[in-house]
Amino acid sequence: MFMFYQCDDSLVAQVTHAFQLAIDRWKNEAPDQIAVEYFAAANFIGLFIEEENAEYMRRVAQDFSVEALNIAGIKLEPHKKQLHLTLAYQFHQSHLEKLEQLTKEINVNKSARWELRLYSRDVRAGKGDVYRVLYTRAAKTEEELEATNDDFVYRDQNDETSTPDWIYGVSHKTGCSGIFPLDYLESCPESDVWTLHRAFPITKTTSELIPVPPIRPPAPAMGSDEMHSSKYRNSVGLLQGNPEYENITINNPKKTDPRQLFVARHAERVDITFGQQWIRLSFDDKGKYVRKNINMPRKVPDRAGSPQTFMHDSPITEMGLFQARMTGEAMRDAGIQIKYIFSSPALRSVQTADAILKGLGTPSSVMINIDITLFEWLAWAKAGLPKWMTPEELKAFGLNVDTNYKSFITPQQLNLQENCHSYFKRSELFMRHILKHNKDGGNFLIVGHAGSLDGCTRLLQGLSPRPALEFTKIVQKVPYCGVIALKEYKEMLVWDMFPPPFPTLTHGPNPRFDWRIMQPE
């Protein structure tokens, strides 16, 4: 049975909690087995669940609907019809005999794992057909869509532009749209792109016999911040020297020196390190924050809508603060001085900017200018714009933010449907604006997202915007606190990249330690 409903992404943790409460309440009354009865008709063959077992499932669903309403304010309509498994439906009459032979070979008395599952799905999946991409294909014209062989394409049911050989669709991973050849696709059930949040075994006797399938985390957009982790698995390169850094000469900048621009990705974020469940596990019923791991923040800021507003605007970890501060110290040791600093409105970026400034030893008069223009490519913001903290809230949290700075654009001016080319142009317009209005020779630091390193600099170098697929592949290689450096050449009216005059940051993964492994058996 299916219970479909709509809810905001910010309520996923609450709905999951409601589901867990319902199944915990009923798990001791789970049946030993689920009994089914074979049924065949002229155009239908299926297995009907015996009423006693079906009633148990309905009661769990009813309890879930009550908890979801109480906890998340979501109204669900429990399934009340007869429960069954469809084996064949609307087939030609001539196939009935063969189908009956095949379906009667199913041993309905054999042990099986029956589960209640909580899924979420992309709203685009329910509006038309879903296709799996079989082969990677680059776009050859502006109208074509680029997609890789691990992607899916959504086709709207009202689409009238497709042809027998091409369909017009939207990429599941990049959010880009365009035409794509049908030969590179295969039709698939929309459940292939669903995200599993909870799986609860209904029957007692088989719950320990058959392994629980792994819960697949939500698939983030390729290239978005959620796609990033350290990906560091061995020590190769960690101890290798780099001749670019062996003979660094520290000089105080002169007014005649060309201006320099440094663009950095934010530091390690809490939700990627601990998963979205960190909010449910770290805040009590009154919204009070309780630190559950020494790498979790010592404190989190007070903000409107907390704690759920952290769902799409995560803070950074204690390790993230350390990463950012070390990056600032490395810049200081290389003799770099920053006069202007701009940050994305994302909390993780503002915290990173503040920690870099502390590592640099920059005077408090150099404050962080928060600009909405620096937020990442909006094709990766599947849930819409986050509810960012105000400069006043960030200032109250102790971050050195300029509350008088006015952003280059407002949230209302952001286009949630922007394509990759538009993102590059948005970034370029902002960069040329700040560089034009601050010409006194000081250096700039931009702290944003993985895509910022390319988006904020590529057009300044006289290069054209990257295609979407190439862009997403590039930014996946940008680690936490990755930094690039550019130098201005006034006579050529261009900026050019040069090797950052300080070492990069690399460290190995450190999984959670379970002390119980040391207990005697």
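Being a predicted model, the structure only gives us computed values, none of them experimental.
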Neighbour count >12 (heavy atoms, 6.0 Å) for atom NZ, K387: no
Polar side-chain atom of S314 near backbone of F310 as donor-acceptor pair, under 3.5 Å: no
Side-chain atoms of residues 359-368: list all donor-acceptor pairs with protein atoms under 3.5 Å, sequence neighbours left out, distances to 0.1 Å.
none

For the student: nearest non-hydrogen atoms of A72 and Q14, plus distance: CA-OE1, 3.5 Å
Inter-residue atom distance L83.CG - I49.CD1, 0.5 Å rounding: 5.0 Å
T403 and E392: side chain donor to acceptor below 3.5 Å: no
Closest approach of A324 to I356 (non-hydrogen atoms, all atoms of both residues): O-CG1, 3.4 Å
D313 (side chain) donor-acceptor with L347 (main chain) under 3.5 angstrom: yes
Over 12 foreign heavy atoms within 6.0 Å of CG, N70: yes
Donor-acceptor contact present, side-chain S306 to main-chain R303, <3.5 Å: no
Closest heavy-atom pair and its distance - Y340, I338: O-CG2, 3.4 Å
L281 and F274, any side-chain heavy atoms less than 4.5 Å apart: no
Heavy-atom pair with the smallest gap, counting every atom of A450 and V475: CB-O, 3.7 Å
Donor-acceptor pair, side chain of D151 and main chain of K173, under 3.5 angstrom: yes
Intermediate values then yes/no, side chain to side chain contact (heavy atoms under 4.5 Å, CB included), L394 and I370: CA-CA 10 Å; L394 294 165; I370 299 174; 3.2 Å; yes
D271 and W278: CA distance, side-chain angles, deciding distance, side chain to side chain contact (heavy atoms under 4.5 Å, CB included) verdict: CA-CA 7 Å; D271 56 347; W278 81 273; 3.9 Å; yes
More than 12 heavy atoms of other groups within 6.0 Å of Y289 OH: yes
Straight-line distance of R58 CZ to D63 CG, nearest 0.5 Å: 15.5 Å
N293-E318 side chain donor-acceptor pair, cut-off 3.5 Å: no
Centroid-centroid under 6.0 Å between W26 and F19 rings: no
Trace of the side chain to side chain contact (heavy atoms under 4.5 Å, CB included) decision for V133 with T148: CA-CA 7 Å; V133 178; T148 58; over 6 Å; no
Stacked cation flag K299 on F397, 6.0 angstrom / 45 deg: yes
Euclidean distance, N404 CG relative to N369 CG, rounded to 0.5 Å: 10.0 Å
Side chain proximity check, N415 to S422, heavy atoms < 4.5 angstrom: no
Short side-chain to backbone donor-acceptor contact, S407 and T410, under 3.5 Å: no
Electrostatic pair K473:E470 at N-O distance under 4.0 angstrom: no
Centroid separation F424 to W377 less than 6.0 Å: no
Full working for ring pair (Phe, Tyr, Trp, His ring centres under 6.0 Å) between W380 and F471: CA-CA 12 Å; W380 296 333; F471 177 57; 5.5 Å; yes
Option among R25, H17, Q62, Q20 that satisfies the side-chain hydrogen bond (donor to acceptor under 3.5 Å, both in side chains) test with E67: R25
Closest non-hydrogen atom pair, F262 against P501: CE2-CD, 4.3 Å
Any donor-acceptor N/O pair, Q351 side chain to I316 backbone, under 3.5 Å: yes
Side-chain donor or acceptor of N443 paired with backbone N/O of K339 under 3.5 Å: no
Aromatic ring pairing Y154/H172, orientation class (parallel under 30°, perpendicular over 60°, tilted between): perpendicular
Close side-chain approach of L374 to F430, heavy-atom, < 4.5 Å: yes
Exam field: side chain D354 to backbone V350, donor-acceptor pair closer than 3.5 Å: no
Side chain to side chain, F444 and L435, heavy atoms closer than 4.5 Å: yes
R426 charged N/C atom sitting above F375 aromatic ring, 6.0 Å / 45°: no
Test item: R291 side-chain N/O and M296 main-chain N/O as donor-acceptor pair under 3.5 Å: yes
Side-chain (E190) to main-chain (G128) donor-acceptor, under 3.5 angstrom: no
Distance (rounded to the nearest 0.5 Å) between L378 CG and Q417 CD: 9.5 Å
Straight-line distance of T317 OG1 to I272 CD1, nearest 0.5 Å: 11.5 Å
Nearest atoms (heavy-atom pairs only) where A68 meets L76: CB-CD1, 3.9 Å
Stepwise side chain to side chain contact (heavy atoms under 4.5 Å, CB included) test for V130 and D192: CA-CA 9 Å; V130 180; D192 282 6; 6.0 Å; no
